[in-house]
Amino acid sequence: MMGIGDPFSRIWLDGPYAASVDAILADQPPWWLGGPAIGLVVVGLFAATDQRLGFLGGYSEIVERVAARSLRFGWKAWFVFGVVGGALVFHVLSGGAGSFEGYGWLTRRFDDATAAAVLFGAGALIGYGAKTAGGCTSGNGRGCAYSHSLSASPSGSSSRGRG
Amino acid sequence: MSDPDAIRRMLLLEEAYFFLVFVGAMAVGFGGVHALRALRLRTWVRTRAERRHVAGAALFGAGWSLSTSCPGPIAAQLGQGVIWSLATIAGITLGIVVYAAAQRRAAVPEVPLFEPR
């Protein structure tokens, strides 16, 4: 983990709790905490609203609303905004824990313009593929409940109008 | 989780962390939604697998492995200030728009262009 204690982003967060905040944020949470936490969000959302948690539905809603020149977003769009905001808060609180230089194998193998082009193309595959299958990694499976499997599960998401 | 190299290690089956996260999420999710059904608080309609599920999943998987990221982590990358995520998000937007346009052309009534509110 790099960037812990980065003076720029940690300039305002100091004092007795800084060390413990660092200790918590520096490490990836163990899988037996992170995984069940995601599962609880799925179950909680389903119990409270009868809706399926899916991430691509949020992008889709943002695209739809913006295309309709409206900024009246529903919960799916706000879920996306929440993840962006949460990552921002994490980034600032942790002084950039989990940050990385470049973009993985793409920038190691290709120049920047090619890497950006590959990411754009990959994004198009993700968007089109997830819409076709009726959900992305996070959206698939009520029957098999939040399967992050490579294959979309036949949970009838689009027939219910959800993804 | 937003680190593309971490997802790459998972896709190359070099690291078990994400698979364990998925197992944990699925176990709690499966148990939870089935408990809700058993308590008759919620239910759902089962549908059969269709060709589009397989085709869409294959396209998604290709994009997933090329970008070594998927929609949730890409949004997290944006929050972390990883500007590369803008390229991926632009691509996702294109994919959604193209899908909606294709659906509009085909005018398949049971698949809504966008999800109803």
Side-chain angles (χ1 to χ4, degrees), chain A residues 31-32 34-36 38-40 42-43 46-47 50 55-57 59-60 63-64 74 80 83-85 87-88 91 98-100 103-105 116 118-133 136-138 142-143 145-148 150-152 154 156 158-159 161-163, chain B residues 3-5 8 17 20-26 28-30 32-33 36 41-42 44-49 52-53 55-57 59-64 66-68 70-72 75-76 78-81 84 87-99 110-112 114-117:
Chain A
W31 67 268
W32 45 265
I38 298 171
L40 279 180
V42 173
V43 176
F46 186 43
D50 200 17
F55 209 84
L56 202 96
Y59 284 100
S60 202
V63 172
E64 176 204 11
V80 174
V83 169
V84 175
L88 177 65
H91 185 72
S99 292
F100 46 87
Y103 195 93
W105 72 280
V118 171
L119 281 178
F120 180 74
L125 287 171
I126 288 173
Y128 190 88
K131 289 298 283 184
T132 303
C136 68
T137 348
S138 63
R142 176 182 289 165
Y146 216 79
S147 104
H148 264 87
L150 277 161
S151 57
S158 70
S159 62
R162 279 151 200 161
Chain B
D3 184 351
D5 276 330
R8 184 164 188 262
Y17 177 79
L20 292 169
V21 169
F22 300 159
V23 166
M26 283 176 64
V28 170
F30 184 93
V33 297
L36 289 171
L41 293 172
R42 292 277 179 238
W44 58 86
V45 181
R46 276 181 180 275
T47 53
R48 300 183 71 85
R52 66 182 179 86
H53 292 117
L59 292 174
F60 181 92
W64 194 16
L66 276 174
S67 67
T68 47
C70 53
L78 183 65
Q80 283 181 295
W84 296 98
T88 331
I89 289 170
I92 290 176
T93 305
L94 176 73
I96 291 170
V97 168
V98 168
Y99 176 82
E110 68 270 19
V111 182
F114 287 109
E115 289 143 20
R117 287 167 70 77

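Order of the sequence lines fixes the chain letters, A, B, ..., with proteins taken first and strands second; residue numbering starts at 1 for each chain. What you see is a predicted model, and the numbers here were worked out from it, not measured in a lab.
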**Student:** A/F120 and B/L94: side chain to side chain contact (heavy atoms under 4.5 Å, CB included), yes or no, with the steps?
**Tutor:** CA-CA 9 Å; A/F120 180 74; B/L94 176 73; 3.8 Å; yes

**Student:** List the atom of B/V33, the atom of A/V43, and the distance in Å for their closest heavy-atom pair.
**Tutor:**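 In this case the closest contact between B/V33 and A/V43 is N-CG2, 4.1 Å.
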
**Student:** Shorter than 4.5 Å, heavy atoms on both sides: which option in A/A47, A/G123, A/G121, A/A116 has the most such pairs with chain B?
**Tutor:**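 With the most close heavy-atom pairs to chain B, the winner is A/G123.
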
**Student:** Heavy-atom pairs under 4.5 Å with chain B: which of A/G104, A/A124, A/G85 has the most?
**Tutor:**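 Of A/G104, A/A124, A/G85, A/A124 has the most heavy-atom pairs under 4.5 Å with chain B.
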
**Student:** So, taking the atom named OH in A/Y59 and the one named OG1 in B/T93, what distance separates them when rounded to the nearest 0.5 Å?
**Tutor:**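 That separation rounds to 8.5 Å.
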
**Student:** Ignoring hydrogens, what is the shortest heavy-atom contact between A/G39 and B/V28? Give both atom names and the distance.
**Tutor:**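 Shortest heavy-atom separation between A/G39 and B/V28 comes out as C-CG1, 3.7 Å.
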
**Student:** Is any side-chain heavy atom of A/W31 closer than 4.5 Å to a side-chain heavy atom of B/F22?
**Tutor:**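 No; the side chains remain at least 4.5 Å from each other.
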
**Student:** List the atom of A/D50, the atom of B/R42, and the distance in Å for their closest heavy-atom pair.
**Tutor:**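 What the structure gives for the nearest pair is OD1-CD, 3.5 Å.
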
**Student:** Is the closest side-chain heavy-atom distance between A/V118 and B/S67 below 4.5 Å?
**Tutor:**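 No. Closest side-chain heavy atoms not under 4.5 Å.
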
**Student:** Could you walk me through whether B/I92 and A/L56 pass the side chain to side chain contact (heavy atoms under 4.5 Å, CB included) check?
**Tutor:** CA-CA 9 Å; B/I92 290 176; A/L56 202 96; 4.1 Å; yes

**Student:** Taking all heavy atoms of A/S99 and all of B/Q80, pick out the closest pair and write down the distance.
**Tutor:**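 Looks like N-NE2, 4.4 Å.
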
**Student:** Under 4.5 Å, counting heavy-atom pairs only, tell me which of A/G127, A/G35, A/G34, A/G129 racks up the most with chain B.
**Tutor:**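 With the most close heavy-atom pairs to chain B, the winner is A/G35.
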
**Student:** According to the interplanar angle, ranging from 0 to 90°, do the rings of B/Y99 and A/Y128 count as parallel (below 30°), tilted (30 to 60°) or perpendicular (above 60°)?
**Tutor:**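 Ring orientation of B/Y99 relative to A/Y128: perpendicular.
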
**Student:** Check the pair B/T68, A/Y103 against side chain to side chain contact (heavy atoms under 4.5 Å, CB included), reporting the backbone distance first and the verdict last.
**Tutor:** CA-CA 9 Å; B/T68 47; A/Y103 195 93; 4.1 Å; yes

**Student:** Against chain A, work out which of B/D5, B/V21, B/L20 has the most heavy-atom pairs shorter than 4.5 Å and name it.
**Tutor:**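 The answer is B/L20.
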
**Student:** Looking at B/A90, B/A75, B/G32, which one has more heavy-atom pairs under 4.5 Å with chain A than the rest?
**Tutor:**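 When all of B/A90, B/A75, B/G32 are compared, B/A75 has the most.
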
**Student:** Could you tell me which of A/V80, A/L88, A/L40 has the largest number of non-hydrogen atom pairs under 4.5 Å with chain B?
**Tutor:**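 Max contact count across the listed options: A/L88.
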
**Student:** Does any heavy atom of chain B fall under 4.5 Å from the side chain of A/W105, the backbone, both, or neither of them?
**Tutor:**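 A/W105 touches chain B through backbone and side-chain heavy atoms alike.
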
**Student:** Could you pull out the closest heavy-atom pair between A/F55 and B/P71, with the gap in Å?
**Tutor:**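 That closest heavy-atom pairing would be CE2-O, 3.4 Å.
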
**Student:** Might you point out which heavy atoms bring B/C70 and A/I126 nearest each other, and give the distance in Å?
**Tutor:**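 Shortest heavy-atom separation between B/C70 and A/I126 comes out as CA-CD1, 4.4 Å.
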
**Student:** Any side-chain heavy-atom pair from B/W64 and A/L125 closer than 4.5 angstrom?
**Tutor:**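 A side-chain contact under 4.5 Å is absent here.
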
